[in-house]
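A short worksheet on the structure shown next.
Please read all numbers here as calculations on a predicted model, not as lab measurements. So you know, we letter chains A, B, ... as the sequences are listed, proteins then strands, and number each from 1.
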Protein chains: 2
Amino acid sequence: MELSQRKEKILAAVVEHYIKTGEPVGSKTLLSALDITVSSATIRNEMAELAALGYLEQPHTSAGRIPTNEGYRYYVDNLMGVRPLDESVKRQIEAGVSLKNASPEAILAKASEFLADMTDCAAVSTTPSGENATIKRIEFVPVGTRTGMIVLLTSTGVIKSKVCRSDVDLNSSMIEKFYNIVKSSFLGLPLDDIDTATLQTLVASMGADALTMIPFVSAVSELAQEAMRTMVMLGGQSNILRYREDYGTTAYELMDFLRRGEPISQLLANSKEDFDVKIGGENKFKQLENSSVIMAHYNIDGDNRGSIGIIGPTRIDYASLIPSVRYLTDLVGELLTQTLNEG
Amino acid sequence: MELSQRKEKILAAVVEHYIKTGEPVGSKTLLSALDITVSSATIRNEMAELAALGYLEQPHTSAGRIPTNEGYRYYVDNLMGVRPLDESVKRQIEAGVSLKNASPEAILAKASEFLADMTDCAAVSTTPSGENATIKRIEFVPVGTRTGMIVLLTSTGVIKSKVCRSDVDLNSSMIEKFYNIVKSSFLGLPLDDIDTATLQTLVASMGADALTMIPFVSAVSELAQEAMRTMVMLGGQSNILRYREDYGTTAYELMDFLRRGEPISQLLANSKEDFDVKIGGENKFKQLENSSVIMAHYNIDGDNRGSIGIIGPTRIDYASLIPSVRYLTDLVGELLTQTLNEG
DNA sequence: GTTAGCACTCTTTTGCTATGAGTGCTAACC
DNA sequence: GGTTAGCACTCATAGCAAAAGAGTGCTAAC
């Protein structure tokens, strides 16, 4: 649906004013905000048509107009000025994500926290997916007479470690056996090939050694699972209280939603575009029906690997936050790529 | 201040009723809740005296009474029935904290999460303090041509690892040198002895090797810092919305307070008693002036090492939650002790 | 197509009047 | 002297009506 230029100008003004104030916008208010030489009556006519088209709505007869989700959508797709990011904001973001010698988890946790502070929204991010990763290296570090730490390194640079415990005292022959198993069965294996069936075959093939090796083998498999699982990093839950009225009764549900990693990683993985904006009910999740999500995906070595996003009320400041989220996400991607390739 | 038995009975009834309903309690309501054979007028007289003594207050003249912080304090110290925990609740708690082969961090994170769900409050816990810990073991695991992972194990069973990066390609002689330094300078050292001054002396004494060894040495020191730092585990922030009216305007500040680890670990470390209850303003932190904190300390090998607590509104159900927090904390202490000694 | 004007709608505010919960006080009672 | 019935008093709350105000939609004129 194409709108006339004037209608677009009016729609944009309504959206922007409402985003700023949270109050319904009337024709007179609009008149002073708009550099347009028509009367309020004309604006009223236009607004009535915009309402008929589904872009605006009235909370009640004697109130101004507020954008519908479709209104926001039209605004984001067609009207929003994509002004380039302020240099000072760029610097600020760069300072916010710079983190030397840190793990991907730490980098993303920091990024979420920073993004939340910067945008006054809740921020989420997912760690790189381990889908196409293989096992690059496995090491065993004894830490006690019967316990040791297994360290697993994947081809995507993820390092996971776990303490595991044997039923008998450790000795060098056991450790040697462990390394043999690792060399012959695990190295180079895609993470997702390590399922229960594989393990059972492996254990069966070990014969007499099976009993002592089981804790180690299963620890490796748990590590592989962990390395594959994308983790969700959260920041700024407290910001939900900032826009409490906008979320209405979904505020509690939204907070609760944020605790659960699984739906969030679904949400973020949902779109394959470079970046994406989901407005209100466009999100599949009921808990997000009063929220908008701005998300972007970061690449590691050019490969789309994870996402960073913010969750705010539908009257979130799209125009200025979208570029910020994108820029930050790109930076994080670069940082992660760099961290990975430095090894 | 000693109260008459009847006053105590009335105060207890007011506290319990208010905790349950959140509404001010009047003399007639009290009459039916109490198995006492006096008239409402007598109760009024008693309540007026309790108010004069500072244990009760009136939101306004025509309302019932609500407990003051002093009222809660008297209730907790003298009146609260310390009925033993229900067996079914015990089972529930035991199921909630059981976690095999997990790190202390994971155990405490799970415990916080579980406690929050169980009590409808926000829950916090601190990892064992590393104050008296020494370095028990340090290992180096190469993970790339120039990077390796350093694993540090303390006498208190804390395991920390960190990837570190050298400026030149790794070779076996460097690794050997590293182990020499570790053996001669780090093993057995108390964690808090590793400060910048020690490091500088150490680096100075290395002569020509200093340059290549610095990344490793400083990584070890960072790990020692990390191992010493108590971490704060959070659970159930969303529960703050549950008692939003009780927190009033401090709700946002409370949520924000929870994000910051430092003040929480101060809060929890504050009391040296076995367990402690802080009511409203008794907490030193302004953000907690409408909150009560129930906390207990867990022991590892009989040594007081960390804390678990819940933060709720002042009208929290002390009588039933205090035993729960204590029981859970004891269990976690046992679990951590066991985990530690299994190595 | 635009606009001035006006009637109309509906929320919000204000003021007023019950209503009722709950108190404090007094005087009588045991 | 403690207890209690009775009653006047206070004050939040609910309900209602009137007034104010914001904003609209429509019509008729430009």
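A donor-acceptor pair shorter than 3.5 Å can be found between the side chains of B/E16 and B/Y75. No side-chain N or O of B/T126 forms a donor-acceptor pair with one of B/S265 less than 3.5 Å apart. Side-chain N/O atoms of A/Y74 and A/E8 include a donor and acceptor closer than 3.5 Å.
One interatomic measurement links the two molecules: NZ of A/K7 to C1' of C/dT2, which rounds to 14 Å at whole-angstrom precision. Between the CZ atom of B/R44 and the P atom of D/dT10 there is a distance of 16 Å, given to the nearest Å. At whole-Å resolution of the value, CD1 in B/I36 and C1' in D/dT4 are 14 Å apart. The distance between atom NZ of B/K28 and atom P of D/dT4, rounded to the nearest whole Å, is 15 Å. The separation between A/Q58 atom CD and D/dA22 atom P is 16 Å, rounded to whole Å.
Within the 3.5 Å criterion, the main-chain N or O of A/A63 finds a donor-acceptor partner in the side chain of A/Q58.
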For nucleotides 15-21 of chain C, tabulate all protein N/O to nucleotide N/O atom pairs closer than 3.5 Å, reporting atom names and distance.
none

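Across C/dG24, C/dT2, D/dG25, the shortest atom-to-atom separation from the side chain of A/T42 is found for C/dT2.
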### Task
Decide salt bridge (charged side-chain N to carboxylate O under 4.0 Å, His left out) for B/D317 and B/K20; before the verdict, give the C-alpha distance in whole Å, the side-chain angles of both, and the deciding distance to 0.1 Å.
CA-CA 8 Å; B/D317 183 356; B/K20 208 181 292 173; over 6 Å; no
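Note on B/S4: nothing from the nucleic acid sits closer than 4.0 angstrom, heavy atoms only.
In this structure D/dG23 sits in a base pair with C/dC8, meeting the Watson-Crick or G-U test at under 3.5 Å. Nucleotide D/dC30 has C/dG1 as its partner under the Watson-Crick or G-U criteria, with both atom distances under 3.5 Å.
Considering only side-chain N and O atoms, A/S27 lies under 4.0 angstrom from the phosphate OP1 or OP2 of D/dT24.
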